[in-house]
Amino acid sequence: MLNFWDKVQMYDLTQGLSHLTPPWPTYEPLQVKFFKRLTPNGANGQLITTSNHVGTHLDGSLHFCTHGRDIASIPLEDLIGPGVVVDLSDIAEDYGIYTSKDITDRVEVKKGDILIINTGYHKYGWDQPEADERRYMLRHPGPTKEFSKWCQEMDIKWIGVDCGSADHPMNTKIRDWEPKEAKKADAYLQAKYGKSLEEFFPDDDYQLMHIDLFPDDIIHAENLGGEIDKILNKRLIIGCYPWRFVGGESSICRIVAYDEKE
């Protein structure tokens, strides 16, 4: 029984989690303390305080949608299944834009797939040699309305990204909180595309990867990393394992890709 397991290769796509892991801007960081130690208690015990948006985590539809599912209500078949990992690192730039064509030029995406997007920005994660928290959170590339519509048409199961948000950072509250970054982003977009930040992301398109897609239960995981560079532009089985969190709007999670051993 289950004699195929020795033929399975697993890849951990999860970022390390620590009190040093930066949360999404303005969110509570992870705090850890021991309330019991081996000496004199005979066991170690810890208390943690955290928001749900630290390290690799799954945004549930309840995060942005009043009638959305909590984490515990997501069926296992919606969390685990066939998908693709696409490598966009060759075109990724600070404040850059990616499109559905950028995805389909590199991999075949089927209806109902799980889609993992490697922007390459995981290399700026807090635990990496090139760690750069501001670049990781404030300057990673992201999509426009075209992409969210394509995700709906393809009935994407869920999306994973290796950066601070599935939305472009300048299509979040970061645009208001970081006016100097917004000015740099506007200059980049004007120079490359001849369009302003406001033209790319008008008010009606605000945080579209959350607001447009979560009512359809097309959710996403953020801050992926780990062994993602080992499985670029490949089709695999992909699983996301959040807490069975009743009432949870989002959850810290572990993400694993499964392939056949060669």
Side-chain angles (χ1 to χ4, degrees), residues 2-17 21 52-60 71 74-92 98 100 102-128 136 140-143 147 150-151 154-166 209 213 217-245 250-262:
L2 299 181
N3 57 5
F4 60 83
W5 190 246
D6 61 352
K7 300 178 178 65
V8 174
Q9 177 69 51
M10 291 188 290
Y11 296 92
D12 194 337
L13 311 186
T14 315
Q15 185 186 79
L17 184 65
T21 308
N52 296 322
H53 301 268
V54 181
T56 306
H57 65 277
L58 179 68
D59 280 7
I71 294 295
I74 305 173
L76 283 176
E77 54 266 29
D78 283 6
L79 293 170
I80 307 163
V84 288
V85 179
V86 61
D87 181 22
L88 300 183
S89 62
D90 61 319
I91 61 169
Y98 57 78
S100 61
D102 293 326
I103 305 290
T104 57
D105 279 350
R106 290 163 173 78
V107 294
E108 179 190 9
V109 182
K110 300 178 181 179
K111 280 208 167 188
D113 266 350
I114 294 165
L115 174 63
I116 305 297
I117 301 171
N118 175 45
T119 68
Y121 274 61
H122 62 276
K123 68 184 177 183
Y124 304 121
W126 72 275
D127 58 348
Q128 298 301 305
Y136 182 85
H140 62 80
F147 187 79
W150 175 79
C151 290
M154 294 300 297
D155 194 26
I156 296 297
K157 191 166 286 185
W158 57 269
I159 299 155
V161 294
D162 69 331
C163 50
S165 176
M209 292 298 289
L213 298 185
D217 290 321
I218 301 173
I219 55 178
H220 56 249
E222 297 165 328
N223 301 350
L224 277 67
E227 298 177 290
I228 193 170
D229 285 332
K230 294 182 179 180
I231 50 171
L232 301 178
N233 298 326
K234 290 195 72 172
R235 174 165 289 277
L236 313 100
I237 299 298
I238 301 167
C240 178
Y241 304 99
W243 303 335
R244 194 172 182 182
F245 190 178
S250 299
S251 176
I252 293 168
C253 66
R254 196 149 192 174
I255 295 177
V256 182
Y258 304 88
D259 198 6
E260 291 182 284
K261 286 183 179 176
E262 296 180 0

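Since the structure is predicted, the reported quantities are computational estimates derived from the model, not experimental observations.
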Please give me the minimum heavy-atom distance between Ser250 and Phe245, naming the atom from each residue. O-CD1, 3.4 Å
side-chain hydrogen bond (donor to acceptor under 3.5 Å, both in side chains) involving Thr119 - partner list, sequence neighbours excluded: Asp162
Which residues pass the ring pair (Phe, Tyr, Trp, His ring centres under 6.0 Å) test with Phe147, not counting sequence neighbours? Tyr98, Trp150
Which side-chain N or O atoms in residues 79-86 pair as donor and acceptor under 3.5 Å with protein atoms at least two apart or in another chain?
none

Under the rule for ring pair (Phe, Tyr, Trp, His ring centres under 6.0 Å), what residues qualify as partners of Tyr11, not counting sequence neighbours? none
Residues Ile231, Ile116; criterion side chain to side chain contact (heavy atoms under 4.5 Å, CB included); working and verdict: CA-CA 10 Å; Ile231 50 171; Ile116 305 297; over 6 Å; no
Residues two or more places apart in sequence or in another chain: which of them pass side-chain hydrogen bond (donor to acceptor under 3.5 Å, both in side chains) with Ser251? none
Could I get the full list of side chain to side chain contact (heavy atoms under 4.5 Å, CB included) partners for Ser89, not counting sequence neighbours? Asp87, Asn118
After noting the C-alpha distance and the side-chain angles of Val256 and Ile238, does the key distance pass the side chain to side chain contact (heavy atoms under 4.5 Å, CB included) rule? CA-CA 6 Å; Val256 182; Ile238 301 167; over 6 Å; no
Non-hydrogen atoms of Met209 and Ala166 that approach each other most closely: CG-O, 3.4 Å
Evaluate the criterion side chain to side chain contact (heavy atoms under 4.5 Å, CB included) for residue pair Asn52 and Val54; output intermediate values, then yes/no. CA-CA 6 Å; Asn52 296 322; Val54 181; over 6 Å; no
CD of Gln9 to CD of Glu227, rounded to nearest 0.5 Å, is 7.5 Å
On a heavy-atom basis, which atom in Gly239 and which in Tyr258 lie closest, and how many Å separate them? N-CE1, 4.3 Å
Mind checking the NE2-CD spacing from His140 to Glu222? Nearest 0.5 Å is all I need. 8.0 Å
Can you tell me how far CG of Leu224 sits from SG of Cys253, rounded to the nearest 0.5 angstrom? 7.0 Å
Just how far is it from atom NE2 of His57 to atom CG of Leu17, taken to the nearest 0.5 Å? 11.5 Å
Which atom of Tyr121 lies closest to which atom of Cys163, heavy atoms considered: CB-CB, 4.1 Å
Run the salt bridge (charged side-chain N to carboxylate O under 4.0 Å, His left out) test against Asp217 and tell me which residues pass, sequence neighbours left out. Arg69
Who passes ring pair (Phe, Tyr, Trp, His ring centres under 6.0 Å) against His220, sequence neighbours left out? His210, Phe214
Determine yes or no for a side-chain-to-main-chain donor-acceptor pair under 3.5 angstrom, with Lys157 supplying the side chain and Glu77 the backbone. yes
Listed partners of His122 passing ring pair (Phe, Tyr, Trp, His ring centres under 6.0 Å), at least two apart: none
For the CD1 atom of Ile255 and the OG1 atom of Thr14, what is their distance to the nearest 0.5 Å? 6.0 Å
Which atom names give the shortest non-hydrogen contact between Ile228 and Leu232, and what distance separates them? O-CD2, 3.3 Å
Heavy-atom nearest pair, Ile159 first then Cys151, reads CD1-SG, 3.7 Å
Mind running side chain to side chain contact (heavy atoms under 4.5 Å, CB included) on Tyr136 and Asn223 for me, showing each step along the way? CA-CA 9 Å; Tyr136 182 85; Asn223 301 350; 3.2 Å; yes
Listed by chain and number, what are the side-chain hydrogen bond (donor to acceptor under 3.5 Å, both in side chains) partners of Trp126, not counting sequence neighbours? Thr21
Please check: side-chain N/O of Glu260 versus main-chain N/O of Val8, any donor-acceptor pairing under 3.5 Å? no
Non-neighbouring partners of Asp90 that pass side-chain hydrogen bond (donor to acceptor under 3.5 Å, both in side chains), sequence neighbours left out: Arg106
How many angstroms lie between atom CD1 of Ile71 and atom CD1 of Ile252, to the nearest 0.5 angstrom? 11.5 Å
Would you mind listing every salt bridge (Lys or Arg N to Asp or Glu O under 4.0 Å) that reaches into residues 108-127, with sequence neighbours excluded? Asp113-Arg235
